[in-house]
Amino acid sequence: MAHEFTLPDLPYAYDALAPHMSAETLEYHHDKHHAAYVANANKLLAGSGLEDKDEIAIIKESFGSNPGLFNNAAQVFNHTFFFNGMTPGGGGSKLPAKLAAAIESDLGGYDKFRADFINAGVTQFGSGWAWLALKDSRLEIMKTPNGENPFVHGATPIIACDVWEHAYYIDYRNARPKFLEVWIDNLANWEFAEANLAAAS
Ligand code: MN3
């Protein structure tokens, strides 16, 4: 059966992440940007030869060979993952046990992880993503351009922050570092990260 990319509803109300992320940002980001990636991915999947693959296989197999399909398909995944990776009252240093232990052993503890994650997002030149990912059974911080994600680098995503300007420009204008600090201190859904880590381990 042919794969169909879909646009899930946000897992919270549009105003649920305010004041850290406004309803206006989420309306544009989900209803316009994410919706456009879904529509384009479905258009570009038709005739690609990858119609019968699943979402992750389409992403991996189009990487490097079909950039239009790759970027849109990966952005469908990335945005669903990003929106699920935020929650009202999230963020901060109180982590679930498995995630806390892995950050301690693999990344030098929470404070270093926080600083390194923010730095990855700040130093991603142009549009892209900051990731916590699992590779070879160890946590890694990654940054990727445009639609790229950890799957095409042999890693499994654990949580991600979108650093395309459309993710923060309404609320933070050009202040990407401030957006990343607010995101990790107030929005990151560590329970989502814990579940992804458990599933990937
Ligand atoms: Mn985005």
Side-chain angles (χ1 to χ4, degrees), residues 5-45 55-56 58-60 62-63 67-88 90-91 117-133 141-153 155-189 192-193 196:
F5 294 96
T6 57
L7 181 69
D9 291 337
L10 289 177
Y12 32 71
Y14 285 90
D15 61 0
L17 303 183
H20 310 297
M21 184 175 286
S22 66
E24 187 182 2
T25 288
L26 285 167
E27 284 160 9
Y28 273 87
H29 205 172
H30 176 272
D31 300 2
K32 308 287 186 196
H33 293 278
H34 196 183
Y37 294 128
V38 171
N40 288 330
N42 281 320
K43 260 183 232 157
L44 293 164
L45 181 62
E55 181 180 36
I56 306 305
I58 292 166
I59 290 169
K60 288 180 176 173
S62 63
F63 183 60
L69 174 59
F70 169 74
N71 278 311
N72 283 282
Q75 285 290 70
V76 172
F77 172 88
N78 295 351
H79 282 83
T80 301
F81 194 78
F82 171 66
F83 291 130
N84 287 336
M86 296 187 289
T87 190
F117 187 92
I118 290 168
N119 188 56
V122 169
T123 59
Q124 170 54 44
F125 186 79
S127 295
W129 295 83
W131 303 89
L132 180 63
I141 292 166
M142 303 176 65
K143 57 182 176 181
T144 59
N146 301 315
E148 262 184 54
N149 61 35
F151 291 122
V152 301
H153 300 288
T156 303
I158 303 298
I159 198 166
C161 185
D162 187 341
V163 299
W164 285 60
E165 283 187 349
H166 65 230
Y168 60 87
Y169 216 84
I170 291 169
D171 298 324
Y172 298 92
R173 297 302 175 191
N174 60 328
R176 191 193 289 187
K178 180 68 184 168
F179 166 61
L180 281 151
E181 289 171 13
V182 169
W183 185 88
I184 203 164
D185 292 340
N186 301 280
L187 293 175
N189 184 345
F192 174 74
N196 289 329

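Counting convention: from 1, in listed order, for ligands and their atoms alike.
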Using the Mn ion (ligand 1) as the vertex, how large is the angle between NE2 of H29 and NE2 of H166, rounded to 10 degrees? 100°
Point-to-point distance, once rounded to the nearest 0.5 Å, from CD1 of I118 to CD1 of I184: 5.5 Å
Nearest-0.5 Å distance, CD of residue Q75 to OH of residue Y37: 4.0 Å
Indicate the ring-plane relationship of W129 and H79, choosing parallel, tilted or perpendicular according to the 30° and 60° boundaries. perpendicular
Quick one: do the D171 and S22 side chains pair a donor with an acceptor below 3.5 Å? yes
Which atom, counting only N, O or S, brings H79 closest to the Mn ion (ligand 1)? NE2
Out of the N/O/S atoms in D162, what is the name of the one closest to the Mn ion (ligand 1)? OD2
